[in-house]
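Residue indices begin at 1 and follow the sequence shown. Since the model is a prediction, treat every value here as computed from it, not as a measurement.
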Amino acid sequence: MELRHLRYFVALHGCLSFRRAAEQVHVTQSTLSHQIAQLESELGVRLFDRVGKRLVVTEAGDSFIVSARRALQEVDEGI
């Protein structure tokens with residue numbers, strides 16, 4: 001897992017839109033989608049359910065956001 005995975009996840013969790021999250025983190029929508037898929041694969045859980053064009057955070061995603069935000073805060077404080 002890399003820091004960018006956490007940053008992308010936090011951005012997507014916050015706006016529930018691949019397009020807006022990709023703009024926020026300055027990557028293409030396909031890059032963001034691919035990175036989120038990698039993170040989900042590594043964790044072994046789905047963080048988001050894709051229902052048509054709608055994105056819904058799963059229970060695992062809601063649990064993981066706490067750890068992801070805390071980890072990013074620790075890194076930012078360390079820098």
Side-chain angles (χ1 to χ4, degrees):
M1 182 180 314
E2 298 183 28
L3 286 176
R4 73 171 180 257
H5 290 121
L6 298 180
R7 292 190 196 285
Y8 296 170
F9 168 69
V10 169
L12 187 57
H13 187 279
C15 62
L16 295 177
S17 164
F18 277 97
R19 181 188 56 78
R20 284 181 286 169
E23 289 172 358
Q24 186 178 347
V25 296
H26 310 289
V27 297
T28 65
Q29 191 171 337
S30 62
T31 296
L32 178 66
S33 180
H34 181 72
Q35 295 295 309
I36 293 298
Q38 280 184 347
L39 179 60
E40 289 176 327
S41 177
E42 186 171 337
L43 293 173
V45 295
R46 295 202 49 92
L47 300 170
F48 301 95
D49 282 328
R50 292 131 180 108
V51 182
K53 290 189 174 190
R54 212 170 119 229
L55 196 63
V56 179
V57 181
T58 65
E59 188 175 322
D62 275 335
S63 295
F64 187 62
I65 191 67
V66 175
S67 298
R69 285 182 178 146
R70 185 173 47 239
L72 289 173
Q73 181 179 359
E74 290 288 328
V75 168
D76 290 343
E77 287 174 6
I79 292 172

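Pairs passing the side-chain hydrogen bond (donor to acceptor under 3.5 Å, both in side chains) check and including a residue from residues 61-73, sequence neighbours excluded, read His13-Asp62, Gln73-Glu77. Sorted by first and then second residue, the side-chain hydrogen bond (donor to acceptor under 3.5 Å, both in side chains) pairs with a member in residues 51-60 form an empty list; sequence neighbours excluded. Contacts classified as salt bridge (charged side-chain N to carboxylate O under 4.0 Å, His left out) and involving residues 25-39 (residues at least two apart or in different chains) are not found. Within the structure, salt bridge (charged side-chain N to carboxylate O under 4.0 Å, His left out) contacts touching residues 5-18 (residues at least two apart or in different chains) are Arg7-Asp76.
For the pair Gln35 and Thr31, the minimum side-chain heavy-atom distance is below 4.5 Å.
One hydrophobic cluster, built from ILVMFWY side chains closer than 4.5 Å, cannot hold both Leu43 and Val56; they sit in different ones. Under the 4.5 Å side-chain heavy-atom criterion for ILVMFWY residues, no single connected hydrophobic cluster contains both Val51 and Ile36.
Residues Leu32 and Phe18 come closest through the heavy atom pair CD2-O, 3.4 Å. Minimum heavy-atom separation, Leu39 to Met1: CD1-CE, 3.9 Å.
When the side-chain contact (heavy atoms from CB on, under 4.5 Å) test is applied to Ala11, the partners found at least two apart in sequence or on another chain are Ala21, Gln24, Val25. Taking the salt bridge (charged side-chain N to carboxylate O under 4.0 Å, His left out) definition, one finds that Glu2 meets it with Arg4, sequence neighbours left out. Partners of Glu23 under the side-chain contact (heavy atoms from CB on, under 4.5 Å) rule, at least two apart in sequence or in another chain, are Arg19. Evaluation of the side-chain hydrogen bond (donor to acceptor under 3.5 Å, both in side chains) rule for Ser41 yields no partner, not counting sequence neighbours. Scanning for side-chain contact (heavy atoms from CB on, under 4.5 Å) contacts around Leu3 gives Leu6, Leu72, Val75, with sequence neighbours left out. In this structure, the ring-ring contact (aromatic ring centres under 6.0 Å, His included) partners of Phe64, at least two apart in sequence or on a different chain, are Phe9.
Judged by distance alone, the side chain of Glu40 and the main-chain N or O of Leu47 form a donor-acceptor pair under 3.5 Å.
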